[in-house]
Amino acid sequence: MSEVKVFLEGIGEVSVPKGTTLREIVEKYYPDRKDEILGAVVNKDIKDFFYEVQEGDRIRPVTWQAPEGKHIFWHSSAHLLAEALESLYPGVKFGTGPAIENGFYYDVDLGDRTIGEKEIKQIEKKMLELARRKSPFKKRILSKQEAIEYYKKKGDPYKLEILEGIEDDVVSFYEHGNFVDLCRGPHLPHTGFIKAVKITNVAGAYWRGDPSKPQLTRIYGISFPTKEELKEYLRRLEEAKKRDHRVLGKQLGIFTFSQNVGSGLPLWLPNGAVLRKQLEDFLYREQVKRGYKFVYTPHIARKHLYEISGHFQKYHHHMFQPFTSPDETEEYILRPMNCPHHCEIYKSEPRSYRDLPLRLAEFGTVYRYEQSGELSGLLRVRGFTVDDAHIFCRPDQVLDEFKSVIDLVLFVFKKLGFEDFSAQISVRDPNNKEKYIGDDELWEQAEKSIQQAAEEMKLPARVMEGEAAFYGPKLDFMVRDALGREWQLGTIQVDYNLPQRFDLTYMGPDNKLHRPVMIHRAPFGSIERFVGVLIEHTEGKFPLWLAPIQVAILTISEKFVDYAKQVEQKLKDAGFRTLLDDSDEKINKKILKAEKQRIPYMAVIGQREAEEGTVAVRSRGRKQIGTMTVEEFIEFLKEQL
RNA sequence: GCCAGGGUAGCUCAGUCGGCAGAGCGGGUGAUUUGUAAUCACCAGGUCAGGGGUUCGAAUCCCCUCCCUGGCUCCA
């Protein structure tokens, strides 16, 4: 019998008979770990115990601890969920049921049935009951024809549709207990590994993500090998909720919404306004330093402007509809983007190649009609302010401009402590070039410039084909919120379309008119969203320069209020934002209140301080710093700005 | 927009079977004059999201609308 050589992690190269499965490898070479090994990463792929090892395979067994182990675990949990559903609700039709980042889901067609609290309890109970049977997973290979017949007999249209899309002649099925599923795997050895499950959410999901197709019920869940880990997971979720910007935003007086104003239209409260102003001032100064020119443009424009830009035709469903002047002779719209206004500024005078790049910046408020189900605190709203700028440049300047924008975004992120972000380059779908405007050569040049710029700036970015805007490729910066959802913040987009539509030109050194290239860019993306994410990242503990209130002055008793007022005035004169708590509460309570408001510094004032002309300084989070004169305190604060 | 779950005092939430709308925090007033994470007492505060229906009687059951939450789709 022929042998194959494989490399086992922690053991080295071994020679085994051809046809040896991963199960046999684990039993022979990892006997003491066989109860915790769930599968293995073979070369780059995750495989389960049915895998027959091949010559040259590098095999790394994985347990629950590894991400790949969790993937196997949760994928099998999805099958367990399906088994429970089929047993509780016979006749359920199944879509797909993958493992996801945190758990798994299964899309099912429940007919007229809905899933509520009661059903969720039942499903969880049934899953655990089935798991306890330790049903082994079995893998079977069927011909595609056999598979089609099986699902025709069972009456599962979704599975038939999946089969139609498979090109191979044979397909694999996994079976455990009473449930059989068309599935590529990988799966656990048996269901007994699953000791704790939680149905986390029930939601509608269109079949194959297509709104024209029927909507299935997506049942989300998560599972663990021990009950303790489930508890810990739920505890962490609770913790995350405390960082939710909607909760903190209210608590800290940053923003609110009013039904009368309208959904998705945030109202900035005084504390939020301070925060926003600080951020805008910071960006203003930084951009002026970098050669941007600030402009102001109105929030509305004649409909015609957006017909020129093409937004009215292309972006119609996201726009509030035209309204008219009192005599109804003119139609205006609420702008969904700032670029057309900036194009008009470009056009306001003839431009020479010597004027380029021209960088026009504005904190431009825009209004977009987002679908109601999509609104989410400050992270998705209908009225928001873009820290926008449009760079008009020559084609040969695109690379340098792009690099300098990346530098700006990285600078801004660093200043605000965003270290955990990812970058994504969106390029054309190479198989569907007619979807995009602009000629091939320009696109290729732009895509190359973006990738080159990212490389030269040492910015790792994943490239997504087919994600580009119709007018040009882009680079986006994404960060996660407290609940782990990814949001796009900063964006840099190359645009060949608008300069053409607005007939923008510049006089070249050759004394001929040329077409400039536009770069749309926004380091924050939207100020609303940025503040939302910033709240979650900092838990509302803003750095001193951003904190709406920087120093809380706390009196020990009424007797020291006069002195406290003098201290407050000195701090205000030095430019600090203060709050004097002269209520007749005890100092403990005052500290607690200041902590809850996340105020960076507290100045406690009692008998000693009033006599000596000092303050007893304390910083956010239990730290007493010491007693110092007011002047020393002001110096101390200034050092931290 | 679609699916599901929700909406009770400023906030967080309780309210059993359809039978007098509650608590804590916050707010006001008074007492207290306090030394580093909650002093005590009293008081005010409600169209139970809005509208309609069923019923002797609705926060509670049914229908419609609005809003919120989580997904889907979309997107800064």
Colleague: Check every strand shown and say whether A:V366 touches a base, only sugar-phosphate, or nothing at a heavy-atom separation below 4.0 Å.
Modeller: nothing
Colleague: Report the base-pairing partner of B:rC2 (Watson-Crick or G-U wobble, both distances below 3.5 angstrom), or none.
Modeller: B:rG71
Colleague: Which pair of non-hydrogen atoms, one from A:G490 and one from A:F413, has the smallest distance, and what is that distance?
Modeller: N-CZ, 4.5 Å
Colleague: Could you please name the partner base of B:rG22, counting Watson-Crick and G-U wobble pairs only when both distances are under 3.5 Å?
Modeller: B:rC13
Colleague: Check nucleotides 3-7 of chain B for protein N or O atoms closer than 3.5 Å to its own N or O atoms and list the pairs.
Modeller:
{"residue": "B:rC3", "atom": "O4'", "partner": "A:Q215", "partner atom": "OE1", "Å": "2.4"}
{"residue": "B:rC3", "atom": "O2", "partner": "A:G204", "partner atom": "N", "Å": "3.0"}

Colleague: Any idea which of B:rU36, B:rA76, B:rG71 is nearest the A:E370 side chain?
Modeller: B:rA76
Colleague: Below 4.0 angstrom from OP1 or OP2 of B:rG35, is there any side-chain N or O of A:R618?
Modeller: no
Colleague: Taking A:R480 first and then A:E101, would you say they form a salt bridge - that is, a charged N and a carboxylate O separated by under 4.0 Å?
Modeller: yes
Colleague: Mind checking A:R246 for me? I need base, sugar-phosphate or nothing, with any heavy atom below 4.0 Å counting as a touch.
Modeller: sugar-phosphate
Colleague: On a plain distance test, is the side chain of A:D584 in donor-acceptor contact with the base of B:rU32 below 3.5 Å?
Modeller: yes
Colleague: Scan side-chain atoms only and decide if A:T491 and A:Q493 contain a donor-acceptor pair under the 3.5 Å cut-off.
Modeller: yes
Colleague: CZ of A:R382 versus P of B:rC74: gap in Å, rounded?
Modeller: 17 Å
Colleague: Below the 4.0 Å mark, does B:rG70 have OP1 or OP2 next to a side-chain nitrogen or oxygen of A:T200?
Modeller: no
Colleague: Classify the nucleic acid contact of A:Q251 as base, sugar-phosphate or nothing, counting any heavy atom under 4.0 Å across all strands shown.
Modeller: nothing
Colleague: Counting distance alone, no hydrogens or angles: does the base of B:rC75 have a donor or acceptor under 3.5 Å from a partner atom on the side chain of A:R380?
Modeller: yes
Colleague: Considering heavy-atom distances to RNA chain B, does A:I605 or A:G264 have its closest nucleotide positioned more toward the 5' end?
Modeller: A:I605
Colleague: Using a 4.0 Å heavy-atom cut-off, does A:H317 contact any base of the nucleic acid, only the sugar-phosphate backbone, or nothing at all?
Modeller: nothing
Colleague: Look at the side-chain N and O atoms of A:R485 and state whether any lies under 4.0 Å from the OP1 or OP2 oxygen of B:rG70.
Modeller: yes
Colleague: Who is the Watson-Crick or G-U wobble partner of B:rC42, with both distances under 3.5 Å?
Modeller: B:rG28
Colleague: Flag the pair A:E467 and A:K474 as a salt bridge only when some basic side-chain nitrogen lies within less than 4.0 angstrom of an acidic carboxylate oxygen.
Modeller: no
Colleague: Look at all strands and tell whether A:E585 reaches a base, only sugar-phosphate, or nothing, counting heavy atoms closer than 4.0 Å.
Modeller: base
Colleague: For A:N588 and B:rC40, give me the distance from atom CG to atom P, rounded to whole Å.
Modeller: 12 Å
Colleague: Need to verify one output field. Residue with the more 5' nearest nucleotide on RNA chain B, A:Q488 or A:S263?
Modeller: A:S263
Colleague: Can A:R246 be said to sit on top of A:F255's aromatic six-ring, NZ or CZ under 6.0 Å from centre and within 45° of the ring axis?
Modeller: no
Colleague: So, under a plain 3.5 Å distance rule, would you say the side chain of A:Y206 forms a donor-acceptor pair with the base of B:rG71?
Modeller: no
Colleague: Does B:rA76 have A:F384 stacked on its base, where the ring centres are within less than 5.5 Å and the planes differ by under 30°?
Modeller: yes
Colleague: Give a yes-or-no answer on whether the side chains of A:D107 and A:W207 include a donor-acceptor pair shorter than 3.5 Å.
Modeller: no
Colleague: Considering every strand and a 4.0 Å limit on heavy-atom distances, what is the contact class for A:I587: base, sugar-phosphate, or nothing?
Modeller: sugar-phosphate
Colleague: Could you tell me which non-hydrogen atom of A:E528 sits nearest to which non-hydrogen atom of A:F384, and how far apart they are?
Modeller: OE1-CB, 3.2 Å
Colleague: Can you tell me if the side-chain N/O atoms of A:K589 get under 4.0 Å from OP1 or OP2 in B:rG26?
Modeller: yes
Colleague: With heavy atoms under 4.0 Å as the rule, sort A:R218 into base, sugar-phosphate or nothing.
Modeller: sugar-phosphate
Colleague: Please confirm whether any donor atom in the side chain of A:E609 sits under 3.5 Å from an acceptor in the base of B:rG35, or the reverse.
Modeller: yes
Colleague: Quick one: do the A:D476 and A:Q488 side chains pair a donor with an acceptor below 3.5 Å?
Modeller: yes
Colleague: Select base, sugar-phosphate, or nothing to describe what A:L489 touches, counting heavy atoms under 4.0 Å on all strands.
Modeller: sugar-phosphate
Colleague: Do A:F524 and A:V386 come close enough that some side-chain heavy atom pair is under 4.5 Å?
Modeller: no
Colleague: So does A:Y369 get a side-chain nitrogen or oxygen closer than 4.0 Å to the phosphate oxygens (OP1/OP2) of B:rG1?
Modeller: yes
Colleague: Does a nitrogen or oxygen in the side chain of A:N201 sit under 4.0 Å from OP1 or OP2 of B:rG71?
Modeller: no
Colleague: Quickly work out the A:K314 NZ to B:rC75 C1' distance and round it to whole Å.
Modeller: 13 Å
Colleague: Less than 4.0 angstrom between a side-chain N/O of A:S372 and OP1 or OP2 of B:rG1, yes or no?
Modeller: yes
Colleague: Once you apply a heavy-atom cut-off of 4.0 Å, does A:K559 come out as touching a base, just sugar-phosphate, or nothing?
Modeller: sugar-phosphate
